[in-house]
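Basis for what follows: all heavy atoms, side chains included, without hydrogens, waters or symmetry-related copies. Nothing here was measured: the structure is a model prediction, and the numbers come from that model.
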Amino acid sequence: QVDVTAMARLFGYVDVTDSGFIAAVLSIAFNPLFWNVVARWEHKTRALSRVFGSPYAACYCLGAVILMLNCVRSHCFTEAMKSQPKLEGLDCHWAYYSGLAILAVGTLFVISSFLALGFTGTFLGDYFGILMEAKVTSFPFSVLDNPMYWGSTAIYLGWSLM
């Protein structure tokens, strides 16, 4: 048997019927689904590369779309956080500064990942046939396997605590 009391208590702090919460969940789920479907379609058909005249132009365009979708996701997340009930125990300086520290570490991982991979390495260039000369093993990849994902997760966790 499964003890669901922890989940029941958690749902006491989350209003899952809030439209902002629903929009945030949908945008969080949609973004990776969208870019993976589009990238795999491009890899299979090279349709975007033909439309844009080169794989680089197509990759930069998809990267711009992904960045815009990430802005929408961040906005939805922020609005959902504003409208959700707050835990009284987290309304203190230590929670704020812990969140700030986690956000800073996440930002470090995201920015250093981007700098190590470049734009096309970050935004699915391999699906467009744009390959790097060698596997990136420098920081932050020397510390984590997926620093961009872990960094993004840390950013949203830190933001939530703040």
Side-chain angles (χ1 to χ4, degrees), residues 1-43 47-48 51-52 58-128 140-141 143-162:
Q1 290 192 0
V2 177
D3 183 15
V4 294
T5 56
M7 287 299 288
R9 276 193 287 148
L10 175 65
F11 281 119
Y13 292 108
V14 178
D15 180 7
V16 296
T17 62
D18 176 54
S19 62
F21 178 82
I22 294 168
V25 168
L26 290 175
S27 67
I28 289 166
F30 175 77
N31 285 8
L33 177 67
F34 169 78
W35 71 62
N36 278 293
V37 167
V38 171
R40 289 171 192 259
W41 175 67
E42 167 61 18
H43 182 69
L48 291 175
V51 168
F52 287 95
C59 183
Y60 279 101
C61 182
L62 178 60
V65 170
I66 290 170
L67 285 171
M68 286 188 289
L69 287 172
N70 287 342
C71 288
V72 170
R73 178 187 62 195
S74 292
H75 173 74
C76 290
F77 182 84
T78 301
E79 293 304 310
M81 292 301 298
K82 289 179 187 176
S83 67
Q84 290 297 307
K86 295 177 180 33
L87 292 171
E88 290 179 23
L90 294 178
D91 192 20
C92 59
H93 290 298
W94 74 265
Y96 178 82
Y97 289 116
S98 296
L100 190 61
I102 293 168
L103 188 140
V105 169
T107 302
L108 173 70
F109 281 134
V110 169
I111 290 173
S112 59
S113 297
F114 180 80
L115 293 174
L117 294 171
F119 193 91
T120 58
T122 300
F123 293 104
L124 307 165
D126 51 337
Y127 287 91
F128 292 84
F141 294 92
V143 178
L144 294 169
D145 283 337
N146 299 297
M148 187 75 72
Y149 294 130
W150 285 110
S152 295
T153 301
I155 287 170
Y156 285 106
L157 175 61
W159 203 345
S160 298
L161 287 173
M162 291 173 60

J.: Do Ser74 and Tyr156 have side-chain atoms, one donor and one acceptor, less than 3.5 Å apart?
T.: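 Yes, because at least one side-chain N or O of Ser74 sits under 3.5 Å from a partner of the opposite role on Tyr156.
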J.: Taking Phe21's backbone N and O only, do any of them form a donor-acceptor pair with Gln84's side chain (distance below 3.5 Å, no angle check)?
T.: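 No, the answer is negative, given that no donor and acceptor are paired below the 3.5 Å cut-off.
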J.: Between CD1 of Ile66 and CZ of Arg73, what distance do you get to the nearest 0.5 Å?
T.: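 It is 10.5 Å, given to the nearest 0.5 Å.
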J.: So for atom OH, which belongs to Tyr97, do other residues, nucleotides or ligands contribute more than 12 heavy atoms lying within a distance under 6.0 Å?
T.: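 Atom OH in Tyr97 is not crowded, with 12 or fewer foreign heavy atoms closer than 6.0 Å.
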J.: What are the two closest heavy atoms between Met81 and Lys86, and how far apart are they?
T.: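 Looking at all heavy atoms of both residues, the shortest contact is O-NZ, 3.8 Å.
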J.: As an exercise, state the distance from CG of Asn36 to OH of Tyr127, rounded to the nearest 0.5 Å.
T.: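 OH of Tyr127 is found 5.5 Å from CG of Asn36.
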J.: Measure the spacing between OG of Ser113 and OH of Tyr149 and express it to the nearest 0.5 Å.
T.: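 Between Ser113 OG and Tyr149 OH, I get 10.5 Å after rounding to 0.5 Å.
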J.: Side chains of Ser160 and Phe77: does their closest heavy-atom pair fall under 4.5 Å?
T.: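 In contact.
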J.: Within the distance-only criterion (no hydrogens, no angle test), does the side chain of Asn31 pair as donor or acceptor with the backbone N or O of Leu69 below 3.5 angstrom?
T.: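 Judged by distance alone, yes, a pair lies under 3.5 Å.
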J.: Could you walk me through whether Phe34 and Leu62 satisfy the side-chain contact (heavy atoms from CB on, under 4.5 Å) test, starting with their C-alpha distance in whole Å, then the side-chain angles of each, then the deciding distance to 0.1 Å, before giving a yes or no?
T.: CA-CA 10 Å; Phe34 169 78; Leu62 178 60; 4.1 Å; yes
J.: Please report the shortest heavy-atom distance between Ser152 and Val110, naming the atom on each side.
T.: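 Distance-wise, the nearest heavy atoms are N-CG2, 3.6 Å.
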J.: Can you check side-chain contact (heavy atoms from CB on, under 4.5 Å) on Leu67 and Phe123, steps first, answer last?
T.: CA-CA 9 Å; Leu67 285 171; Phe123 293 104; 3.6 Å; yes
J.: Does any N or O in the side chain of Glu42 come within less than 3.5 Å of the main-chain N or O of Leu48, such that one atom is a donor and the other an acceptor?
T.: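 Here the side-chain-to-backbone pair exists.
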J.: At what distance, to the nearest 0.5 angstrom, does CG of Leu124 lie from CZ of Arg40?
T.: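 Spacing of CG (Leu124) from CZ (Arg40) equals 10.0 Å.
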J.: Does a sphere of radius 6.0 Å around CH2 in Trp159 hold more than 12 heavy atoms from other residues, nucleotides or ligands, not counting ones at 6.0 Å or beyond?
T.: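 Counting other residues, nucleotides and ligands, CH2 of Trp159 exceeds 12 neighbours.
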J.: Rounded to the nearest 0.5 Å, how far does CD1 of Ile28 lie from CG of Leu33?
T.: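 The CD1 atom of Ile28 is 14.0 Å from CG of Leu33, to the nearest 0.5 Å.
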J.: Between Asn70 and Trp35, is the side-chain contact (heavy atoms from CB on, under 4.5 Å) condition met? List the steps.
T.: CA-CA 11 Å; Asn70 287 342; Trp35 71 62; 3.9 Å; yes
J.: Look up atom CE in Met162 and atom CD1 in Ile102, then write down how far apart they are to the nearest 0.5 Å.
T.: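 One gets 10.5 Å once the value is rounded to the nearest 0.5 Å.
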J.: Do you know the tightest heavy-atom contact between Phe109 and Pro147?
T.: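 Between these two residues, the closest heavy atoms are CB-O, 3.6 Å.
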J.: Do you know which two heavy atoms are closest between Ala80 and Gly20, and how far apart they sit?
T.: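 That closest heavy-atom pairing would be CB-O, 3.5 Å.
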J.: Start with the C-alpha gap between Phe119 and Phe114, add the side-chain angles, then the distance that decides, and say whether side-chain contact (heavy atoms from CB on, under 4.5 Å) holds.
T.: CA-CA 7 Å; Phe119 193 91; Phe114 180 80; 4.0 Å; yes
J.: State, to 0.1 Å, how close Leu161 and Ala95 come at their nearest heavy-atom pair, and which atoms those are.
T.: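 Of all heavy-atom pairs spanning Leu161 and Ala95, the closest is CB-O, 3.9 Å.
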